[in-house]
Amino acid sequence: MTSAPTRQIRRVAALLVIAALAATCGATIPDRTPPEWSSPGLVGGGGWPYASEPLAPLDADGATYLPDSSVVLLGDGRARLVPFGAKGSVTVPRDDPRVDSAVRADRSWLHAGHVPGSLPAHRNMAARALLDLRLLTGPSGASVASWYGAWRFVWPRDSAFAAAALTATGHALEARRILKFLARVQDEEGMWAARYKPDGGAVTDGRRVQFDSLGWVLWASWLVFVKDPAATARMPELWPMVRRAADRLSSSLGADGLPPPSSDYWERSPRSEEDPRRPTLGVVSAMFTGLRGATAIARARGAAEEAHRWQTATGRLSAAISRQFAPYGYPRSPVEGGAMDAAVTFLAPPFAAYDPGVYTAVRTAAAKLRLPGGGVLPGERWAGNRTVAWTPETAMFALAAAASGYRDEATGWLDWLAGHRTSLGVLPEKVDQYGLPAAVAPLGWTASLVVLALEAQNGRLPIP
């Protein structure tokens with residue numbers, strides 16, 4: 001595995017080569033000026049309320065995190081951190097007592113749970129991912145996708161995965177905060193908006209309701225219930241939230257056993273799908289997982305009526321998936337020859353019991369979506385830049401392989417992710433054809449999926 005300093009040297013060298021070429025033939029060289037969101041990672045300080053700010057790209061040369069912390073050691077030997085109680089960062093000598101205090105606080109938080117990963121590079125990636133999830137989650141439980149602009153919002157789907165990753169690694173307090181935030185912003189009909197501001201206000205920008213978010217929040221709630229049952233006694237909000245969401249999902253099923261079409265994690269109009277009349281696999285698979293989780297919670301609580309109602313809905317949805325998606329190899333839309341989508345991994349462990357037919361579809365999708373430089377596109381007929389790999393979808397395949405017992409396969413995906421982080425070791429949203437970050441870093445969803453994949457490698461993820 002290439003070390004972070006070695007990767008930094010290579011990247012600086014590559015940029016110098018591009019600059020030299022641009023001096024003579026700039027018209028043929030793509031403009032690689034860092035966009036406004038460009039940063040190799042967030043500066044933190046280990047203290048409440050976990051304030052952070054991005055490290056400027058110009059300060060990144062030679063910079064690195066002090067191990068297992070969010071304190072950045074700059075190339076000139078000084079340290080940058082956000083002091084306890086402050087909102088912005090300061091740059092201080094390395095021997096300033098605030099530096100070691102912040103490092104101790106970060107390490108204490110990490111070790112209050114555990115950091116998965118048997119290989120050094122994987123363990124390092126998991127520690128950074130967990131610390132980044134902490135920095136992206138505010139005191140209210142608002143867990144934003146990332147730090148900049150259009151990413152600085154709370155998607156219920158992404159938040160559910162953050163809660164799941166934090167729960168799985170024993171960082172229960174932050175996980176509970178996230179679920180409490182989601183309970184506060186849920187409407188009386190059990191729905192969530194597509195995204196929220198950190199203060200809890202819904203963003204009204206025309207994005208459609210995304211039914212998959214209900215399934216993912218139910219799954220994360222179930223994982224908290226299983227992994228940290230004592231926590232549920234301190235969360236009176238959990239059961240009402242679960243009941244509203246599960247009732248909304250079960251009542252949404254039509255005569256064919258499927259819910260109505262809705263936007264999913266691609267966030268595009270159902271009218272653009274291959275079969276606009278029916279939901280995508282990304283929606284139905286999340287609902288299938290969430291309803292099973294809700295049913296398990298209801299049974300454990302002795303709520304027989306709800307358990308029966310949701311189990312009946314689960315059976316109808318399961319039959320619809322077998323009838324309408326399975327015959328075509330589990331494509332994104334249930335049509336013959338339908339395009340494959342990374343969401344096929346949502347029907348594999350740890351979200352559902354292992355099924356050889358489903359895993360064959362997972363491998364088929366991986367082969368069709370994989371790019372020459374590694375990583376994958378979200379879908380087979382992706383309308384975006386087809387040279388840019390997306391890290392969340394790549395991590396989905398890592399998670400499915402790890403949870404299904406294919407350790408070598410999972411290690412291959414995880415090695416690629418570990419090798420394509422920023423110079424500070426942070427997981428970005430995308431990686432371009434040159435192997436460089438092509439969007440904001442860190443991305444909370446990728447961080448969560450990577451942590452869960454490494455947990456699954458250790459056999460520690462249950463299946464609802």
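Predicted, not measured: the structure shown is a model, and the values here were computed from it. The chain is numbered in sequence order, starting from 1.
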Next item on the list: Apply the test side-chain contact (heavy atoms from CB on, under 4.5 Å) to residues Tyr354 and Tyr359: give CA-CA distance (whole Å), side-chain angles for both, the deciding distance (0.1 Å), then the verdict.
Entry: CA-CA 8 Å; Tyr354 179 81; Tyr359 208 80; 3.7 Å; yes
Next item on the list: Go through the side-chain N and O atoms of Glu267 and Trp155 and say whether any donor and acceptor fall under 3.5 Å apart.
Entry: yes
Next item on the list: Tell me, with the steps shown, if Trp147 and Glu53 meet side-chain contact (heavy atoms from CB on, under 4.5 Å).
Entry: CA-CA 8 Å; Trp147 59 270; Glu53 67 179 39; over 6 Å; no
Margin query: Evaluate Val209 against Ser262 for side-chain contact (heavy atoms from CB on, under 4.5 Å), listing each step before the verdict.
Written below: CA-CA 7 Å; Val209 168; Ser262 85; 5.8 Å; no
Next item on the list: To the nearest 0.5 Å, tell me how far Ser333 OG sits from Leu281 CG.
Entry: 9.0 Å
Checklist line | Closest approach of Leu424 to Thr64 (non-hydrogen atoms, all atoms of both residues) | finding: CD2-CA, 3.5 Å
Note to self: Does any part of the side chain of Pro378, heavy atoms only, come nearer than 4.5 Å to the side chain of Trp266, both counted from C-beta?
What the structure shows: yes
Note to self: Could you measure the distance from the CG atom of Leu454 to the OG atom of Ser118? Nearest 0.5 Å is fine.
What the structure shows: 8.0 Å
Margin query: How close do Val344 and Ala361 get, counting heavy atoms only, and between which atoms?
Written below: CG2-CB, 3.8 Å
Notebook entry, point to check: Taking only residues two or more places apart in sequence, or in another chain, which ones meet Asp205 in a side-chain hydrogen bond (donor to acceptor under 3.5 Å, both in side chains)?
Noted result: Arg195, Arg207
Next item on the list: Sort and list the pairs that fulfil salt bridge (Lys or Arg N to Asp or Glu O under 4.0 Å) and have at least one residue in residues 360-381, not counting sequence neighbours.
Entry: Glu274-Arg381, Arg363-Glu409, Lys368-Glu380
Note to self: With heavy-atom distances below 4.5 Å as the criterion, would you say the side chains of Trp109 and Glu174 are in contact?
What the structure shows: yes
Checklist line | Any side-chain heavy-atom pair of Arg292 and Ile463 under 4.5 Å | finding: yes
Next item on the list: Under the side-chain contact (heavy atoms from CB on, under 4.5 Å) rule, collect the residues that match up with Arg386, sequence neighbours excluded.
Entry: Leu377, Trp382
Notebook entry, point to check: Do His420 side-chain atoms and Leu436 backbone N/O form a donor-acceptor pair below 3.5 Å?
Noted result: no
Note to self: If only side-chain N and O atoms count, and only distance matters, is there a donor-acceptor pair under 3.5 Å linking Asp355 with Tyr330?
What the structure shows: no
Checklist line | Sequence-distant partners of Trp192, side-chain hydrogen bond (donor to acceptor under 3.5 Å, both in side chains), two or more places apart | finding: none
Next item on the list: Of all the heavy-atom pairs spanning Trp413 and Ala398, show the shortest one and how long it is.
Entry: CB-CB, 3.6 Å
Check: So, Ser159 and Ser143: side-chain donor and acceptor under 3.5 Å apart, yes or no?
Finding: no
Margin query: Within the structure provided, determine whether Ser39 and Tyr148 are in side-chain contact (heavy-atom separation under 4.5 Å).
Written below: no
Notebook entry, point to check: Any side-chain hydrogen bond (donor to acceptor under 3.5 Å, both in side chains) pairs touching residues 449-464, not counting sequence neighbours?
Noted result: His114-Glu455, His114-Arg460, Thr411-Gln457, Glu455-Arg460
Notebook entry, point to check: Is any side-chain heavy atom of Pro331 closer than 4.5 Å to a side-chain heavy atom of Asp341?
Noted result: no
Notebook entry, point to check: Checking Thr345 side chain against Ala342 main chain: does a donor-acceptor pair fall under 3.5 Å?
Noted result: yes
Check: How far apart are the closest heavy atoms of Leu135 and Gly44, and which atoms are they?
Finding: CD2-CA, 4.1 Å
Next item on the list: Side-chain contact test, heavy atoms from C-beta onward, threshold under 4.5 Å: evaluate it for Arg421 versus Met125 and give yes or no.
Entry: yes
Validation: residues 443-453 side-chain donor-acceptor distances under 3.5 Å, sequence neighbours left out:
{"residue": "Thr446", "atom": "OG1", "partner": "Thr391", "partner atom": "OG1", "Å": "2.7"}
{"residue": "Ser448", "atom": "OG", "partner": "Ala162", "partner atom": "N", "Å": "3.3"}
{"residue": "Ser448", "atom": "OG", "partner": "Gly444", "partner atom": "O", "Å": "2.9"}

Check: Charged N to carboxylate O under 4.0 angstrom, Arg128 versus Asp132?
Finding: yes
Notebook entry, point to check: Has the side chain of Ser69 got a donor or acceptor atom that lies under 3.5 Å from a matching backbone atom of Val103?
Noted result: no
Margin query: Can you give me the closest heavy-atom contact between Ala142 and Pro198, atom names plus distance?
Written below: CB-O, 3.4 Å
Note to self: Please give me the minimum heavy-atom distance between Gly379 and Leu369, naming the atom from each residue.
What the structure shows: C-CD2, 3.1 Å
Check: CG of Asp432 to CG of Asn385: how many Å apart, nearest 0.5 Å?
Finding: 8.5 Å
Next item on the list: Taking the side chain as every heavy atom from C-beta outward, state whether Val115 and Thr169 have any pair of such atoms under 4.5 Å apart.
Entry: no
Check: Can you list the residues that meet the side-chain contact (heavy atoms from CB on, under 4.5 Å) rule with Asp76, with sequence neighbours excluded?
Finding: Leu74, Arg78
Item checked: Qualifying salt bridge (Lys or Arg N to Asp or Glu O under 4.0 Å) pairs with a residue from residues 210-224, counting only residues at least two apart or across chains -> Arg157-Asp212
Check: With Phe351, which residues qualify under ring-ring contact (aromatic ring centres under 6.0 Å, His included), at least two apart?
Finding: Trp216, Trp219, Phe346
Next item on the list: Output all residues satisfying side-chain contact (heavy atoms from CB on, under 4.5 Å) with Leu136, sequence neighbours left out; order by chain, then residue number.
Entry: Leu42, Val144, Pro442
Notebook entry, point to check: Given the rule in the salt bridge (Lys or Arg N to Asp or Glu O under 4.0 Å) test, do Arg107 and Asp100 qualify, once you have shown the distances and angles that lead to the verdict?
Noted result: CA-CA 10 Å; Arg107 291 176 180 172; Asp100 286 341; over 6 Å; no
Checklist line | Separation between CZ of Arg98 and CG of Leu81, rounded to the nearest 0.5 Å | finding: 6.5 Å
Item checked: Candidate pair Val283 and Met287, rule side-chain contact (heavy atoms from CB on, under 4.5 Å), full reasoning -> CA-CA 6 Å; Val283 170; Met287 289 178 63; 3.8 Å; yes
Next item on the list: Measure the spacing between OG1 of Thr204 and NZ of Lys197 and express it to the nearest 0.5 Å.
Entry: 7.0 Å
Notebook entry, point to check: Where do Glu237 and Arg184 land on the salt bridge (Lys or Arg N to Asp or Glu O under 4.0 Å) test, with the steps shown first?
Noted result: CA-CA 8 Å; Glu237 311 93 335; Arg184 285 196 300 274; 5.9 Å; no
Note to self: For residues 80-91, which residue pairs pass the salt bridge (Lys or Arg N to Asp or Glu O under 4.0 Å) check, not counting sequence neighbours?
What the structure shows: Asp59-Arg80
Notebook entry, point to check: What distance separates Ser140 OG from Ile178 CD1, expressed to the nearest 0.5 Å?
Noted result: 10.0 Å
Margin query: Is the shortest side-chain heavy-atom distance between Val99 and Leu73 below 4.5 Å?
Written below: no
Note to self: Which residues pass the side-chain contact (heavy atoms from CB on, under 4.5 Å) test with Val226, not counting sequence neighbours?
What the structure shows: Trp222, Pro462
